[in-house]
2 protein chains.
Amino acid sequence: MPTISDVAKRSGLSKSTVSRVLNNYPHVSEEKKERVQKAMAELEYTPNPSARKMRGALTTTIGVVVTRIVNPFFSYLVNAIEQVAYEQGYQVVVFQSNEDQEKELSFLQLMQHKQLDGIIMASIENDEEVIETYLAYGPIVFVNEYIQHMNTVPSVRINHIAAAYEGVMHLLNQGHRRIAYCTGGLFEQQGQSDDRNIGYKKALAEKGIEVDPQFVFVNKHTIEDGESVGRAIFQMKEQPTAVFTGSDEVAAGVIAAAHELNQRVPEDLAVVGFDDQPIAKITYPKLTTIKQPVDDMGRLAANLMIEALNGTTPTENETVLETKFVERDTT
Amino acid sequence: MPTISDVAKRSGLSKSTVSRVLNNYPHVSEEKKERVQKAMAELEYTPNPSARKMRGALTTTIGVVVTRIVNPFFSYLVNAIEQVAYEQGYQVVVFQSNEDQEKELSFLQLMQHKQLDGIIMASIENDEEVIETYLAYGPIVFVNEYIQHMNTVPSVRINHIAAAYEGVMHLLNQGHRRIAYCTGGLFEQQGQSDDRNIGYKKALAEKGIEVDPQFVFVNKHTIEDGESVGRAIFQMKEQPTAVFTGSDEVAAGVIAAAHELNQRVPEDLAVVGFDDQPIAKITYPKLTTIKQPVDDMGRLAANLMIEALNGTTPTENETVLETKFVERDTT
DNA sequence: CTGAAAGCGCTTACAG
DNA sequence: CTGAAAGCGCTTACAG
């Protein structure tokens with residue numbers, strides 16, 4: 001591997017000068033600049049990133065934390081972030097926390113030694129106080145998740161309350177009164193994860209309907225989870241006539257369970273998904289769902305990060321994107 | 001950030017000694033070792049990875065190249081690799097090539113400056129000669145894809161020929177004679193990507209059936225691709241009665257098209273997928289497919305890589321895993 | 001505009 | 001068993 005000294009020797013100039021053209025330092029004469037560039041090309045020289053980092057230079061690497069990359073929502077989000085980052089000359093490295101606080105912490109730590117310039121968090125396991133500590137080492141951007149009232153970190157997200165409200169209200173307007181509800185989190189909790197719950201409760205309350213605890217399913221994420229929810233529903237004495245799920249995958253599982261038990265969707269059970277992933281179009285019937293602008297979210301988060309890295313103070317500290325109710329055939 | 005000098009000062013020893021305990025160097029007295037460890041703990045010292053890399057030390061980072069992370073096959077593969085790597089103290093960073101040679105090349109280059117210890121390639125865009133060059137900088141392992149007769153790089157894969165043969169033969173045995181075929185690649189080409197084509201042709205040949213070029217769809221990857229394939233099939237004068245697809249996603253798209261056009265699966269068109277991804281269970285009817293042992297593939301590839309990094313010559317240079325034909329309701 | 005020198009935080013012969 | 005010193009490949013004041 002050729003080093004900066006090799007380039008200096010070959011061009012007959014000093015390492016300082018080579019370094020200056022490498023970093024687009026303004027005051028280098030055109031002539032020497034060309035000599036250096038010629039030498040770099042001939043030697044196929046590429047700077048050693050480790051050496052640069054040690055000098056405190058930027059790494060042009062952005063970290064993205066997600067819970068699980070096999071979740072399509074996250075893989076599409078990462079994809080969008082990567083697109084923007086790549087255009088701007090940044091590399092992105094993806095970290096799976098698996099909802100493990102310790103793991104997430106170890107990723108945050110990578111900023112300390114300049115292995116990462118900044119971190120985009122699409123999931124949050126640690127507390128506000130902990131995360132705040134790492135702000136000293138580089139910018140952090142929240143996307144998808146956020147922490148309420150924490151304005152030291154810019155966030156990009158959707159209005160979960162409104163999205164859930166809209167979905168549930170759609171079912172109510174269709175005449176449904178017994179509406180089951182699935183969430184990936186818990187039903188009684190604090191912070192952002194409670195937003196969809198609030199939307200559900202709000203819609204019900206407006207119609208004077210009380211929440212039936214039996215109809216609430218917590219901690220549901222996968223197709224399998226959805227299947228078991230479906231089976232549970234169809235076994236109930238007083239069955240719900242509709243279910244609002246937290247993700248297209250759970251919804252797809254519910255529909256699969258309906259087929260299994262020879263129940264009709266939407267006649268016996270209406271189903272609303274969340275996300276509008278590709279699978280929403282291959283369930284049968286096709287899934288009514290709430291479209292998240294996942295590409296926009298990723299792109300905006302990436303842009304916010306790059307702005308922060310360039311020292312620009314972000315114009316928006318809290319970007320809330322619109323969701324879109326997509327009516328298909330399961331309602 | 002505390003440095004090695006801080007630890008040396010605090011423990012009253014030299015940097016050399018600190019470095020030795022850091023690297024588990026054998027000849028350090030128990031007493032000094034403890035003093036160093038105490039100082040490290042008190043200072044919350046963590047070594048600077050950039051400085052270590054510059055000295056040529058391992059980075060304990062493994063790169064994984066895939067075409068697109070939004071492809072579930074790849075996200076599950078990455079997930080499995082990461083699990084093993086994490087247990088062994090390695091970090092993995094994922095690279096999307098988007099089937100771009102240049103991009104892939106830039107990832108390979110990261111080994112040159114020790115940013116990456118080794119690379120697991122789940123997709124291959126560059127030629128054998130190019131890839132071979134980078135072997136000088138670190139180990140490479142192929143998983144999923146491979147290059148025929150290239151025995152300088154260990155590979156983990158399935159027998160694509162046998163898998164496709166089995167799927168097509170299943171249809172033939174059911175009496176189908178007009179069997180369409182979708183591939184993610186081309187139909188006439190060389191190397192590994194041709195393997196499934198060979199299996200298809202072989203099965204047909206055994207029954208004395210000629211390939212109908214009209215029935216061959218190339219370059220199909222997504223659900224949307226599958227839908228257009230389905231529409232094309234149902235428009236044909238002499239329709240195929242079955243289709244063997246290259247992925248569950250394409251198969252799901254075909255099924256969606258069938259629903260749209262009021263055609264029955266499998267009565268009007270039998271469908272076989274490939275991969276056995278989660279979506280295979282939520283199509284209606286449930287998808288008959290070929291299960292790839294994606295977790296095993298990922299785990300084995302990761303283990304091969306770690307062995308290579310530890311200087312062990314791998315026992316197997318070419319690991320071929322079994323696929324499993326999973327009959328559900330679309331055939 | 002250009003170069004010599006110091007230093008980033010480590011590791012590793014070389015002595016002892 | 002332990003330490004002083006050199007060096008990995010860069011960047012950046014400091015002079016000129």
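Bear in mind that the values here come from a model prediction, so they are computed numbers and not experimental data. All values below come from the heavy atoms of this structure, side chains included, with hydrogens, waters and symmetry mates left out. Lettering follows sequence order; numbering is per chain, from 1.
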Engineer: By the 4.0 Å heavy-atom rule, please label T17(B) as base, sugar-phosphate, or nothing.
Structural biologist: sugar-phosphate

Engineer: Pick the closest DNA chain D nucleotide for L13(B) and for M1(A) by heavy atoms, then say which residue is nearer the 5' end.
Structural biologist: L13(B)

Engineer: Going by number, which of residues 44-55 of chain A have a non-hydrogen atom under 4.0 Å from DNA chain C?
Structural biologist: M54(A), R55(A)

Engineer: Can you pull the contact range of chain B along DNA chain D, 5' to 3', using atoms under 4.0 angstrom from its heavy atoms?
Structural biologist: dC1(D) to dG9(D)

Engineer: So, does H113(A) use its side chain to make a donor-acceptor pair with the main chain of T46(B) at under 3.5 Å?
Structural biologist: yes

Engineer: Do F74(A) and N144(A) make a side-chain contact, defined as non-hydrogen atoms from C-beta onward lying under 4.5 Å apart?
Structural biologist: yes

Engineer: Find out whether L135(A) and I140(A) are in side-chain contact, i.e. whether some heavy atom of one side chain is under 4.5 Å from a heavy atom of the other.
Structural biologist: yes

Engineer: Side chains of L321(A) and V156(A): does their closest heavy-atom pair fall under 4.5 Å?
Structural biologist: yes

Engineer: For F95(A), which residues count as a ring pair (Phe, Tyr, Trp, His ring centres under 6.0 Å) partner, sequence neighbours excluded?
Structural biologist: F107(A)

Engineer: Would you indicate what T3(B) reaches in the nucleic acid, counting non-hydrogen atoms under 4.0 angstrom: base, sugar-phosphate, or nothing?
Structural biologist: sugar-phosphate

Engineer: Are Q292(A) and F73(A) side-chain neighbours, meaning at least one heavy-atom pair lies under 4.5 Å?
Structural biologist: yes

Engineer: Decide yes or no for I62(B) and I306(B): does some side-chain heavy atom of the first lie under 4.5 Å from some side-chain heavy atom of the second?
Structural biologist: yes

Engineer: Scan S19(A) against the nucleic acid and name what it touches under 4.0 Å (heavy atoms): base, sugar-phosphate only, or nothing.
Structural biologist: base

Engineer: Okay, side chain of E104(A), backbone of N126(A): is any donor-acceptor separation there less than 3.5 Å?
Structural biologist: yes

Engineer: Whom does dA13(C) pair with, Watson-Crick or G-U wobble, provided both distances fall under 3.5 Å?
Structural biologist: none

